[in-house]
Amino acid sequence: MDSRRRGDQPLLLDVRRLAAVDMYGTRGTARRRWIITVEFLVGVIGCLAVGILMLHGNPSPLIAALGIWLVGVGVNYVPLELHAISLVRHGALDDELAGVDVPAELRGYGVKQLWIGVPFLIAMLAVAQLLSARDRSSR
């Protein structure tokens, strides 16, 4: 599957592919898969917890904005974590990346990873991609 397109819709970012390439890295070791899975979980829990704490009480506008941003980033880590959980089982990551030029994907990975910092974007893309996949499978 082409990393830029699925069906007829151009993609800003394939969320599952982003998780898969991160989990594979340069060698695809089992250790890296688990480390990335834990990293995504820490992103979910850490960003959400700190963001919610910052929003507690009556924060200044700057602290509130930072808190909302952290909550948005934490929400972005949720689909990455869910994909990581589904890809960590034996053979799943290899199946997902079959036919993919992983070194080429890794070259653009750093820029793609920056999209995680856009609040709620990755989560919205993941939902859109899930709905699109369900729509295609129901045809």
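If you're wondering where the values come from, they're calculated on a predicted model, not measured in any experiment.
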**Q** Side-chain contact test, heavy atoms from C-beta onward, threshold under 4.5 Å: evaluate it for Phe40 versus Asp22 and give yes or no.
**A** yes

**Q** Should Tyr77 and Glu81 be marked as a side-chain hydrogen bond (donor to acceptor under 3.5 Å, both in side chains) after you check the CA-CA gap, both sets of side-chain angles, and the distance that decides it?
**A** CA-CA 6 Å; Tyr77 274 107; Glu81 176 63 16; over 6 Å; no

**Q** The criterion is salt bridge (charged side-chain N to carboxylate O under 4.0 Å, His left out); which residues satisfy it with Asp101, sequence neighbours excluded?
**A** none

**Q** Determine whether Leu97 and Arg17 satisfy the following criterion, side-chain contact (heavy atoms from CB on, under 4.5 Å), listing intermediate values before the conclusion.
**A** CA-CA 8 Å; Leu97 294 175; Arg17 175 76 56 88; 4.1 Å; yes

**Q** Tell me whether Ile85 is reachable from Leu41 by hopping between hydrophobic residues (I, L, V, M, F, W, Y) whose side-chain heavy atoms are closer than 4.5 Å.
**A** no

**Q** If we check side-chain contact (heavy atoms from CB on, under 4.5 Å) with Cys47, which of these qualifies: Leu70, Val71, Val42?
**A** Leu70

**Q** Could you work out, with side chain to side chain contact (heavy atoms under 4.5 Å, CB included) as the rule, every residue matching Ala126, not counting sequence neighbours?
**A**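 Per chain and number, Ala126 pairs via side chain to side chain contact (heavy atoms under 4.5 Å, CB included) with Val15, Pro79.
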
**Q** On a heavy-atom basis, which atom in Pro59 and which in Met54 lie closest, and how many Å separate them?
**A** CB-O, 3.3 Å

**Q** Hydrophobic clusters here meaning ILVMFWY residues chained together by side-chain heavy-atom distances under 4.5 Å, can you tell me if Ile52 and Ile63 are in one?
**A** yes

**Q** For Leu55 and Ala64, work out which heavy atoms get closest and say how close.
**A**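 Taking every non-hydrogen atom into account, CD2-O, 3.4 Å.
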
**Q** Keeping Gln129 on the side-chain end and Leu13 on the backbone end, is there a donor-acceptor pair under 3.5 Å?
**A**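 Looks like yes, one N/O pair under 3.5 Å.
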
**Q** Got a second to check how far His56's NE2 is from Leu53's CG, nearest 0.5 Å?
**A**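 Answer rounded to 0.5 Å: 8.0 Å.
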
**Q** Of all heavy-atom pairs between Arg134 and Ser137, which one has the smallest distance, and what is that distance?
**A**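 Answer, listing the atom of Arg134 first, then Ser137: O-OG, 2.9 Å.
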
**Q** Is the closest side-chain heavy-atom distance between Val88 and Leu93 below 4.5 Å?
**A** no

**Q** Enumerate the salt bridge (Lys or Arg N to Asp or Glu O under 4.0 Å) contacts for residues 33-46, please, sequence neighbours excluded, ordered by first and then second residue.
**A**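 Residue pairs with at least one partner in residues 33-46: Arg33-Asp94.
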
**Q** Linking I/L/V/M/F/W/Y whenever any side-chain heavy atoms sit under 4.5 Å apart, do Val44 and Val118 land together?
**A** yes

**Q** Membership question, hydrophobic clusters at under 4.5 Å side-chain separation (ILVMFWY): are Trp34 and Leu82 in the same one?
**A**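 Yes, because Leu82 and Trp34 connect within a single hydrophobic cluster, where side-chain heavy atoms sit under 4.5 Å apart.
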
**Q** Sub-3.5 Å donor-acceptor pair from the side chain of Asn76 to the main-chain atoms of Gly117, do we have one?
**A** no

**Q** Set out, in order, the CA-CA distance, both residues' side-chain angles and the distance that settles side-chain hydrogen bond (donor to acceptor under 3.5 Å, both in side chains) for Arg16 and Ser86, then state yes or no.
**A** CA-CA 10 Å; Arg16 187 169 177 84; Ser86 72; 2.9 Å; yes

**Q** Taking all atoms of both residues into account, what is the closest heavy-atom pair of Ala19 and His83, and its distance?
**A** CB-CB, 3.9 Å

**Q** Taking all heavy atoms of Leu106 and all of Gly25, pick out the closest pair and write down the distance.
**A** CD1-O, 3.2 Å

**Q** Any heavy-atom pair between the side chains of Lys112 and Glu105 that's under 4.5 Å?
**A** yes

